[in-house]
Amino acid sequence: MGKNHKVKIIPVKEKGIDFEELLYGMMDTFNQILRMNVYEAGLTKVEIDERMEHKKLLRKALRNCAYGDQSSKIYVKDYIKDILVRKYKINSGNIDSVIPFSNIDKLDAMDQFDIMLYELKKEQGYNALDIFIQKNHLEAPKKDSLGNNYYEISKKDIQNIFYRNYYMNLTFIDKLNILTQRIYQRYKGNGVIDEIRDMRIDGVSAGVSGISERSDCKDEKLCNMPASYESVWIFYKGKSIHLPFLSFGNKKELIRVCKNIYRYNSQGQLSEISGYIVNEMMDGSRVAVARPPFAESWVFFIRKFDSILQADMNELITDRNKELPIKLIQWLVKGCQITGITGEQGAGKTALLISMVRFINPSYNLRIQELSYELHLRKIYPKRNIVSFRETNSTSGQEGLDFQKKTDGTVSILGEVASAPVASWLVQMSLVASLFTLFTHHAKTAEDLVMSLRNSLLLEGGFHSERVATEQVVNTINFDIHMKKTEDGHRFIERITEIIPRKEIPAESGCNEPGDDLTGGLFITSDIIAFDGNQYVVQSGLSERTISKIESHLRKEEIEDFEKDLREWRQLLGKN
């Protein structure tokens, strides 16, 4: 707080002060500071200018702190801490009357979690939650009454860890910092997920379980069910883990967070008419928010990319014989093959796409089209010529694609092909806008990928013949890399599949022949490398057409290495 601000001292009562009373008092204090007329205080011009600058900085920090801006968060928390000490006279003798730090039996599971996370964060920074989960084996599956696996960090888990490992060694500063965070997250932060959101995990969501309304609770069974505002889940290494010990406290608090969390550079306003918004936060996290009547309850989903941005392909692909898919992917990229990365959500598509970029010739200019900024390739490849575009309310994706054609792009990347218009852009980009294209898609099989793109061309691309649209797709898309994850979160490449026009069948056997009723017999698929449950194996050879196309983009010394790998794969194929 500015040193010239005078505040009325309101000491904590001997019997303690209610946290809600303290919270609303804090809100009122901030409002007083922002409304204060500095010209009526009889100050000098220098003092007036100083006060005005303080108010300007505070307003900016209060606006940005909920969007993922750490510097603004720290600034606001310092203000809160100062008010607690100066106005409310919080000290080592009375702070336990607000949160019972010294009586561990009175601390609930959320208190215990906050204390343990705070202690770990002092040493481990934003890796604290990851280390907490690993150290206590909290990512291990549990069994329900039917023997099915599920993932949950329960209230009992937190209490057991706390009583087993925790020693009451908090200093007054520690307690003050924890209390400050509690007030901040309710005032301008993101509620109970505020600190979790900052951690290096894959994501966090809320409002996605429990009943949306408790009505008047005439039904006792309904009254005992958890509410949607008591729903917090994290996405951790491919697993969705429920944290039932955390709660927003009431529906109003969940709605407050939903209304604030998407607002950074937002292109629209969440309303009953516009029932959902996808945006990014200041730190690059993707946030998707939905509300009734579009969704059955208020929900938000934050997808973080800290682990993805640090991922190396050798860390992403870990199973035996991993050099087989890594080498093939390297030649597909160096050989400028139009490639889709497919798989379910959370399977690792984005991480693989990011790691594939390092195989692209550094002299090539990259142009990226996304729904929201997720790839953040400049952070990983800051010396490369990379520009990302996204659709806005005033600029359509088609307009963005048209503009890209005028930006000297060599390689086009589509963050996600999730709709018919985007699929149509994909084919357009692959034909006229770039040397080659990389993209992600949710198709389950290579055949599904072709059919999905064909249907999109029929809907959006001006095609009227299924046969012509299918031929267009088959002549455009060369490979499908399909990612998969197991129930325990293990991610791997299930297969790397070549998509081949029927007239160019490779000499090697092993091709999958889709039914003519689906494809018109216009193409076949060939799984080149696949995961057999234990290791990666070579299942088919590349077509001569593809080998020729890849070599046309390689340097002489690269062609020698490529042909060496081809010989090794043929030998392995003969053994299989």
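Side chain of Arg358 to backbone of Met313: no donor-acceptor contact under 3.5 angstrom is found. Judged by distance alone, with hydrogens and angles left aside, the side-chain atoms of Ser231 form a donor-acceptor pair with the main-chain N or O of Val208 at under 3.5 Å. Distance alone, capped at 3.5 Å, is enough to place a donor-acceptor pair between the Asn94 side chain and the Lys89 backbone. Between the side chain of Lys55 and the backbone N or O of Leu34 there is at least one donor-acceptor pair closer than 3.5 Å. Side chain of Glu119 to backbone of Met116: no donor-acceptor contact under 3.5 angstrom is found. In this structure, the side chain of Asn136 does not engage the main chain of Leu138 through any donor-acceptor pair within 3.5 Å.
The ring-ring contact (aromatic ring centres under 6.0 Å, His included) test applied to Trp298 returns no partner, not counting sequence neighbours.
Note on ring orientation: taking the six-membered ring where Trp is involved, the planes of Phe492 and His490 are parallel (angle under 30°, cut-offs 30° and 60°). Using a 30° and 60° split on the angle between ring planes, Phe248 and Phe300 fall in the perpendicular class, above 60°. Ring pair Trp233/His242 is parallel by interplanar angle, where below 30° counts as parallel and above 60° as perpendicular.
Lys121 has no carboxylate O lying under 4.0 Å from a charged side-chain N of Asp198, or vice versa, which leaves the two without a salt bridge. Between Asp194 and Lys77, no side-chain nitrogen of the basic residue sits less than 4.0 Å from a carboxylate oxygen of the acidic one, so the salt-bridge criterion is not met. Ion pairing of Lys304 with Asp283 is present here, as a side-chain N (NZ or NE/NH1/NH2) and a carboxylate O approach within less than 4.0 Å. A salt bridge does not link Glu344 with Arg491: every distance from a Lys NZ or Arg NE/NH1/NH2 to an Asp or Glu carboxylate oxygen is 4.0 Å or more.
Heavy atoms only, all atoms of each residue included: Asn279 and Tyr262 are closest at ND2-O, 2.7 Å. Taking each heavy atom of Leu62 and Tyr187 in turn, the nearest pair found is CD2-CE2, 4.0 Å.
Distance check, rounded to the nearest 0.5 Å: OG of Ser228 to CD1 of Ile255 gives 8.5 Å. To the nearest 0.5 Å, atoms CG (Leu414) and NE2 (His441) are separated by 10.5 Å.
Residue pairs meeting the side-chain hydrogen bond (donor to acceptor under 3.5 Å, both in side chains) criterion with at least one member in residues 243-255, sequence neighbours excluded, are Glu213-Lys251, Glu253-Arg256. Residue pairs meeting the salt bridge (charged side-chain N to carboxylate O under 4.0 Å, His left out) criterion with at least one partner in residues 56-71, sequence neighbours excluded, are absent.
Side-chain polar atoms of Asn64 and Arg263 form no donor-acceptor pair below 3.5 angstrom. Residues Lys142 and Asn149 have side chains that never bring a donor and an acceptor to within less than 3.5 angstrom of each other. No side-chain donor from either of Asn177 and Gln181 sits under 3.5 Å from a side-chain acceptor of the other.
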Set out, in order, the CA-CA distance, both residues' side-chain angles and the distance that settles ring pair (Phe, Tyr, Trp, His ring centres under 6.0 Å) for Tyr151 and Tyr236, then state yes or no.
CA-CA 10 Å; Tyr151 296 91; Tyr236 177 79; over 10 Å; no

Determine, stepwise, if the pair Leu179 / Ile80 fulfils side-chain contact (heavy atoms from CB on, under 4.5 Å).
CA-CA 10 Å; Leu179 176 58; Ile80 292 172; over 6 Å; no

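Remark: Lys122 NZ is packed, more than 12 non-hydrogen atoms of other residues, nucleotides or ligands lying under 6.0 Å away.
When the options Asp96, Asp114, Asp111 are evaluated for a salt bridge (Lys or Arg N to Asp or Glu O under 4.0 Å) with Lys175, the one that passes is Asp96. Ile83 pairs with exactly one of Leu22, Thr29, Thr180, Asp78 by the side-chain contact (heavy atoms from CB on, under 4.5 Å) rule, that one being Thr29.
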